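To start, the structure under review is shown below, and the notes come after it.
Letters go in sequence order (proteins before strands), and every chain restarts at 1. Model, not experiment: these values are computed from the prediction.
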Amino acid sequence: MKHLYICVIIFILIITTGFFTDKMLKKELDILSVDVGKVAKIADVSQAETNMQIIKDRFYSKKNMLLLYVSKEHIRELETDILLMEEAVKSSDSNAVKESSIRIQTTASYSRRSLTAFD
Amino acid sequence: MTSIILRTSVMFILVTFSLRIMGKKNLGEFQPSDLVSTMLISNLTSIAIEAPELPILYSIASILLIMCFEVFTSMAVRKNEKIAKLAQGSAMILINNGIINQKVMDDLRFTVNDVLEAMRSKDIFYLEEVKMAIVETTGVISIYPDPNAQTNIKKADIPPFDVIYDGKIKKDNLSITGMNEEKLYKILEKQNADIKRVLLMLMDGDGNYNITMMES
């Protein structure tokens, strides 16, 4: 019976932590997608440096947590694209900003899907 | 390299813990669910070690979930006979009073050779010696020898071999028993048995035989 109790506790722990972490990660990925989308829509991208810094800081503050649950390949792609986007913002290259933004949104969408999708 | 060492160590501790929780029976005899759990756990372990790109938590959570399902299943099996039957199947009588139950044999996809091998492993060579043979849920065949037959059967120097199996003569076995095809056909004629309908014919060195006809 002791083993059953251990398993019940582990099962409940896995299910609840899985549920909450999924929710939290999805929220983080959504915020990232929305934020980069906003930056890409700003007409004068040189004015978006502050926004870009906020996105970068937020991403790096959550990176370790994301690494626990999301494929490292996705994280690496996100990181590269965020850095590329930052550089594009600095050099006021709006096309490159848009391109990076789309790539980030796509990767975030894939990561989001891999958390809950059954397929 | 440190990552691999850490991952392997974590997985070793986790799998040992999981198998310990699942119970020692996993090491000896496999029920279908035990086999599935063990297979999945071994695969997940290798994924965790070989694919550092994937978070180790994926494998850890999966292994722990499998462990939980295994324990829940075994608990349910213990408490409910219907679930036990669904999860593990039930023991089936394969030979009753020396007669092979061909329906059970077909259902379990056993061959006559499997039956004969199981008999020989228990030092039983004559079908008549078997009072009952039961296929356990683990797939093991348990044999209860007929206490009367064991003393009544006059055993030959050469034990019985299958001289006809599935309607075909096994010439090697036939020569071991010192018999030839001509004599064999005479016996079949005497017994009014069509060779194509013979599932199994066992014959020993003294010419004692046992014919099992195919069930239509």
| task | Find the one option among I6(A), V70(A), L67(A) whose heavy-atom pairs under 4.5 Å with chain B are most numerous. | result |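 Among I6(A), V70(A), L67(A), the one with the most close pairs to chain B is V70(A).
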| said: I'd like to check F72(B) versus C7(A) (side-chain heavy atoms, cut-off strictly below 4.5 Å). Are they in contact? | reply: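 When only atoms from C-beta onward are counted, C7(A) and F72(B) do touch, with a gap below 4.5 Å.
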| query | Hey, does L32(A) have a side-chain heavy atom less than 4.5 Å from the side chain of R58(A)? | reply | no
Listing, residues 76-86 of chain B side-chain donor-acceptor contacts under 3.5 Å, not counting sequence neighbours, or none:
{"unit_1": "N80(B)", "atom_1": "OD1", "unit_2": "K82(B)", "atom_2": "N", "d": "2.8"}
{"unit_1": "N80(B)", "atom_1": "OD1", "unit_2": "I83(B)", "atom_2": "N", "d": "3.3"}

| said: The test is salt bridge (Lys or Arg N to Asp or Glu O under 4.0 Å); show your working for K26(A) and D22(A) and say whether it passes. | reply: CA-CA 6 Å; K26(A) 273 184 190 172; D22(A) 271 10; 5.9 Å; no
| message | Show the nearest heavy-atom pair for residues P55(B) and S71(A), with the distance to one decimal. | response | CD-CA, 4.0 Å
| query | Using non-hydrogen atoms only, which part of I14(A) is less than 4.5 Å away from chain B: side chain, backbone, both, or neither? | reply |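 When you check distances to chain B, only side chain atoms of I14(A) fall under 4.5 Å.
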| query | Would Y58(B) and Y69(A) count as a close aromatic pair, with their ring centres under 6.0 Å? | reply |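 Not under 6.0 Å, so no.
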| field | Residues in residues 72-91 of chain A that sit under 4.5 Å from chain B, counting heavy atoms only | value | K72(A), E73(A), R76(A)
| query | Passes side-chain hydrogen bond (donor to acceptor under 3.5 Å, both in side chains), D204(B) versus Y126(B)? Steps please. | reply | CA-CA 9 Å; D204(B) 68 11; Y126(B) 292 84; 2.7 Å; yes
